[in-house]
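Letters A, B, ... mirror the listed sequences (proteins, then strands); counts begin at 1. Side-chain atoms are counted along with the backbone in the values below, which use heavy atoms only and exclude waters and symmetry mates. Here the structure is a predicted model, which is why all the values come from computation and not from measurement.
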There are 2 protein chains.
Amino acid sequence: MEGSEAAKAANKMLFVKTIKEIKQIIKNWRKEGLSIALVPTMGYLHEGHLSLIKKAASENDRVIVSVFVNPTQFGPNEDLDNYPSDIERDKKLCESAGASLVFNPEVSEMYYDNACTVVSVKNLTSMLCGASRPGHFDGVCTVVSKLFNITTPDKAYFGEKDAQQLAVIKRMVRDLNFDVEIIGCPIIREQDGLAKSSRNTYLSDKERKAATVLSRSLNKAKEALSKGEKDVSVIKKIIIDEINTEPLAKIDYVEIVDSLSLSEVSKIETPVLIAIAVFFGKTRLIDNFTWDNN
Amino acid sequence: MEGSEAAKAANKMLFVKTIKEIKQIIKNWRKEGLSIALVPTMGYLHEGHLSLIKKAASENDRVIVSVFVNPTQFGPNEDLDNYPSDIERDKKLCESAGASLVFNPEVSEMYYDNACTVVSVKNLTSMLCGASRPGHFDGVCTVVSKLFNITTPDKAYFGEKDAQQLAVIKRMVRDLNFDVEIIGCPIIREQDGLAKSSRNTYLSDKERKAATVLSRSLNKAKEALSKGEKDVSVIKKIIIDEINTEPLAKIDYVEIVDSLSLSEVSKIETPVLIAIAVFFGKTRLIDNFTWDNN
């Protein structure tokens with residue numbers, strides 16, 4: 001009770017590292033009849049994350065921000081060891097955006113050495129980022145399931161930048177009957193159009209400039225779509241040609257898929273997700289938009 | 001509110017077929033501050049199930065019995081289509097044992113056509129029944145996760161007869177931070193020693209008599225263990241030799257494993273699970289006991 005009351009009294013954000021403590025705080029919040037939101041992040045927060053936290057704070061009594069960097073969603077050759085982190089900065093940003101609690105457990109707090117349970121969304125994870133990052137979405141689904149069970153949120157907020165992640169989490173919640181509403185929030189962009197991402201900090205100055213080709217290529221596709229183009233291969237070519245004008249860009253994928261099933265489409269009829277992943281040096285960036293003819 | 005109050009007033013057991021309705025009833029129970037138990041079964045209840053329900057009723061304010069026959073835990077050549085069922089009998093038995101609610105959803109209520117989320121406990125499911133029944137425990141873990149999320153029980157009761165299932169569910173609950181206490185309950189046996197099972201009804205008279213060899217073989221092992229035998233191969237041989245005295249019995253497996261990790265042991269030092277699966281005609285029966293030298 002103390003943690004919660006003290007926080008309310010002082011309007012001070014809580015910082016919690018153990019599952020036991022956060023569960024006790026949530027139990028007390030529930031006793032008070034408060035609604036609870038979860039914003040799962042991996043820290044090193046940018047304005048995209050802050051938009052999630054602000055929206056969550058406007059719709060719920062309490063907002064939990066997880067900044068746990070989940071090792072199981074990184075591949076063996078990915079950037080886990082170098083993933084950027086600045087917990088003191090994150091805490092300040094969370095507080096300013098209206099968070100009630102920052103959850104920052106150690107890896108050993110979240111995973112026993114012999115942990116062996118995995119949550120998989122089978123059909124939505126073999127394409128797009130799932131193809132480039134095998135096992136990634138199993139890691140995401142498993143840790144999000146854990147966070148849901150630990151924090152029992154009424155609503156959870158995810159960015160639309162990770163479009164496949166959002167589709168996968170929605171499917172998981174539906175299939176496993178999690179009692180949580182999933183809220184997708186729009187991509188937040190830099191002034192020059194680059195989608196905000198913690199990984200943008202990896203970019204050299206030249207790569208940073210080159211990376212504007214992502215949103216530029218998607219805008220060209222949007223233009224063609226709004227003029228009535230319905231042929232997937234034409235739209236794909238527009239995007240690929242634009243990205244290829246940039247020598248530092250190396251395409252991982254350019255895909256147009258059904259926005260719910262994520263399966264390939266040949267014509268643009270149902271709402272589609274147009275998603276791209278592009279390497280700049282070792283840094284892999286993603287961007288996307290959803291298009292609905294109707 | 002009505003369902004719960006009516007039930008309390010008339011002390012009448014509820015029978016529910018939809019997720020929406022059971023969630024509403026549970027919400028009302030929670031508002032009243034009642035503790036809730038879940039007993040997941042596949043119906044066609046016997047005294048083993050009833051012992052779980054009675055124990056649950058003695059320890060909780062409300063007891064939910066699921067009798068959903070989960071198709072995803074049956075293999076393609078298993079007995080899903082012939083699995084015995086008598087819902088009216090089950091309802092009477094549940095009521096007499098102290099259940100508050102019987103949950104009997106249709107398959108279409110539990111699984112969307114495009115459901116694709118699977119919960120797997122990787123390391124505990126490749127051996128024993130998992131080896132004979134690939135995919136079985138994925139089906140069990142997925143449906144139990146769903147039932148946990150739908151019913152949010154404080155405690156859930158499982159029979160020790162399905163020893164591997166119990167170990168797998170305990171691991172899943174720990175790994176995914178489900179907020180539920182798993183209670184294992186002792187095997188209930190017929191007078192001649194055969195462990196109670198819904199599948200016993202498949203047996204012909206001759207097979208039924210032959211099936212007593214299961215418990216008889218385990219009793220011989222127990223005898224040797226209590227005399228100090230510690231060699232796994234000796235204990236295994238005692239069991240196999242006894243089962244082989246019965247011409248109708250065909251061994252699926254005889255295994256001695258660590259009771260927590262389910263990994264093979266060569267010497268009996270840690271607590272072990274001694275588990276057997278034997279075919280009588282097409283009917284596959286299991287039995288087991290746990291042995292702790294200490």
Side-chain angles (χ1 to χ4, degrees), chain A residues 18-20 22-24 26-27 30-31 33 66 68 72 103 105 109-126 130 135 137-138 140-152 167-180 258 260-263, chain B residues 18-20 22-24 26-27 30-31 33 66 68 72 103 105 109-126 130 135 137-138 140-152 167-180 258 260-263:
Chain A
T18 70
I19 294 168
K20 194 178 166 190
I22 195 172
K23 284 178 81 165
Q24 187 55 49
I26 289 162
K27 205 172 165 186
R30 288 293 181 200
K31 271 189 201 153
S66 171
F68 176 61
T72 72
F103 185 49
E109 177 74 7
M110 288 293 275
Y111 294 104
Y112 285 83
D113 280 344
N114 62 355
C116 59
T117 305
V118 175
V119 182
S120 299
V121 175
K122 299 287 180 188
N123 297 348
L124 303 187
T125 54
S126 56
F137 287 111
D138 285 3
V140 170
C141 288
T142 304
V143 80
V144 170
S145 292
K146 287 167 67 68
L147 289 171
F148 284 171
N149 286 340
I150 292 167
T151 66
T152 65
V168 165
I169 294 293
K170 280 184 177 170
R171 182 63 68 90
M172 178 186 85
V173 163
R174 189 202 71 172
D175 284 355
L176 295 185
N177 306 94
F178 277 109
D179 201 9
V180 56
D258 181 90
L260 288 178
S261 71
L262 305 188
S263 54
Chain B
T18 70
I19 293 167
K20 194 179 164 190
I22 196 172
K23 284 178 80 165
Q24 188 54 49
I26 289 161
K27 206 172 165 187
R30 288 292 179 202
K31 272 189 200 153
S66 172
F68 176 60
T72 72
F103 185 48
E109 177 74 7
M110 288 292 275
Y111 294 105
Y112 285 83
D113 280 344
N114 61 356
C116 57
T117 306
V118 175
V119 182
S120 299
V121 176
K122 300 288 180 189
N123 296 348
L124 302 187
T125 56
S126 57
F137 286 112
D138 285 2
V140 170
C141 288
T142 304
V143 80
V144 170
S145 292
K146 287 167 68 67
L147 289 170
F148 284 171
N149 285 340
I150 292 167
T151 66
T152 64
V168 165
I169 294 291
K170 280 183 176 170
R171 182 64 68 93
M172 177 185 85
V173 163
R174 189 203 72 172
D175 283 355
L176 295 185
N177 307 94
F178 277 108
D179 200 8
V180 55
D258 181 271
L260 288 178
S261 71
L262 305 188
S263 54

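- Residues A:Lys23 and B:Asp179 are in side-chain contact: their nearest non-hydrogen atoms beyond the backbone lie under 4.5 Å apart.
- Between the side chain of A:Asp175 and the backbone N or O of B:Cys116, at least one donor-acceptor pair lies under 3.5 Å.
- For B:Ile19, the part lying near chain A is the side chain, with the backbone staying farther off; criterion is any non-hydrogen pair under 4.5 Å.
- Put simply, of B:Val143, B:Ile150, B:Leu147, the one with the most heavy-atom pairs under 4.5 Å next to chain A is B:Ile150.
- Atoms OG1 and CG, on B:Thr152 and A:Asn177 in that order, are 12.0 Å from each other to the nearest 0.5 Å.
- Considering CG of B:Leu176 and OG1 of A:Thr117, their distance stands at 5.0 Å, rounded to 0.5 Å.
- Taking chain A as the reference chain and counting heavy-atom pairs below 4.5 Å, the highest number among B:Lys146, B:Lys122, B:Arg174 is found for B:Arg174.
- For a residue to count as touching a neighbouring chain, one of its non-hydrogen atoms must lie under 4.5 Å from one of that chain's; by this rule B:Asn114 touches chain A with backbone and side chain alike.
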